[in-house]
Amino acid sequence: MSAMRATKVTCPHCGRANRVPAAAEGRPTCGHCKQPLPWMVDAGDDDFAEVVEQATVPVVVDLWATWCGPCRMVSPALEKVATDLAGTIKLVKVDVDKNQRVARRFEVQAVPTLLVLDKGQTIARQSGAAPAPALRRWVEQSIAGRGPAGKG
């Protein structure tokens, strides 16, 4: 992996800033308190495979567009879910207008379209916005059937 992008994430436990790579194995943890960090990154046509398909945790993919009102409403809810489930999932956002190959691959007809992927395979899909508690239930139910491989 060459000079891969990283995102700054503030630890919800101790408040310290951490650099979290867009693509990596394992699960990010705070360099200070060692607690799990929320893993939220952007991906596109050129790095989707590396960022999403090589992830060792389930990935929630938010296929969205800048002009979409429901997309703007669901984004904070998804970030809350990613924070609540830190160490369990990775949240990846893809702007479908800028990343047509990813949009075509998942046959996006409406935005937001949300996917849960495990090792690159779609295990759940839904369209439209929902509040954080409903999204969390959906994610947890989607990844519950994956088996013990998610531990570690």
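The figures here come from the full heavy-atom set of this structure, side chains too, leaving out hydrogens, waters and symmetry mates.
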Checklist line | Set of salt bridge (charged side-chain N to carboxylate O under 4.0 Å, His left out) partners for R101, sequence neighbours left out | finding: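 By the salt bridge (charged side-chain N to carboxylate O under 4.0 Å, His left out) rule, R101 matches D46.
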
Could I get the full list of side-chain contact (heavy atoms from CB on, under 4.5 Å) partners for [X], not counting sequence neighbours?
{"X": "E53", "value": "F48, A49, R105"}
{"X": "Q35", "value": "H13, C33"}
{"X": "T83", "value": "P12, P38, M40"}
{"X": "T29", "value": "none"}

Next item on the list: Write down the atom of G87, the atom of V57, and the distance for their closest heavy-atom approach.
Entry: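 Minimum heavy-atom contact is O-CG1, 4.4 Å.
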
Margin query: Quick check: closest heavy atoms across N99 and D45, and the distance to 0.1 Å?
Written below: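 What the structure gives for the nearest pair is OD1-N, 2.9 Å.
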
Notebook entry, point to check: Under the side chain to side chain contact (heavy atoms under 4.5 Å, CB included) criterion, do L135 and L114 qualify, and how do the steps go?
Noted result: CA-CA 10 Å; L135 290 171; L114 308 175; 3.5 Å; yes

Item checked: Atom pair CH2/CD of W138 and Q126 - distance to nearest 0.5 Å ->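 Between W138 CH2 and Q126 CD, I get 4.5 Å after rounding to 0.5 Å.
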
Next item on the list: Mind checking the CG-CG spacing from D97 to L63? Nearest 0.5 Å is all I need.
Entry: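 Answer rounded to 0.5 Å: 11.5 Å.
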
Note to self: Please list all pairs meeting salt bridge (charged side-chain N to carboxylate O under 4.0 Å, His left out) that have one or both residues in residues 63-86, counting only residues at least two apart or in different chains.
What the structure shows: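 Listed by first then second residue: E79-K93, K80-D84, D84-R136.
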
Next item on the list: Could you please spell out the steps behind the side chain to side chain contact (heavy atoms under 4.5 Å, CB included) verdict for R125 and T113?
Entry: CA-CA 7 Å; R125 178 184 183 119; T113 293; 3.8 Å; yes

Checklist line | V116 vs V59, side chain to side chain contact (heavy atoms under 4.5 Å, CB included): CA-CA, chis, key distance, verdict | finding: CA-CA 6 Å; V116 178; V59 179; over 6 Å; no

Next item on the list: For V51 and K90, run side chain to side chain contact (heavy atoms under 4.5 Å, CB included): C-alpha distance rounded to whole Å, both residues' side-chain angles, the deciding distance at 0.1 Å, then the answer.
Entry: CA-CA 10 Å; V51 171; K90 179 178 190 177; 3.8 Å; yes

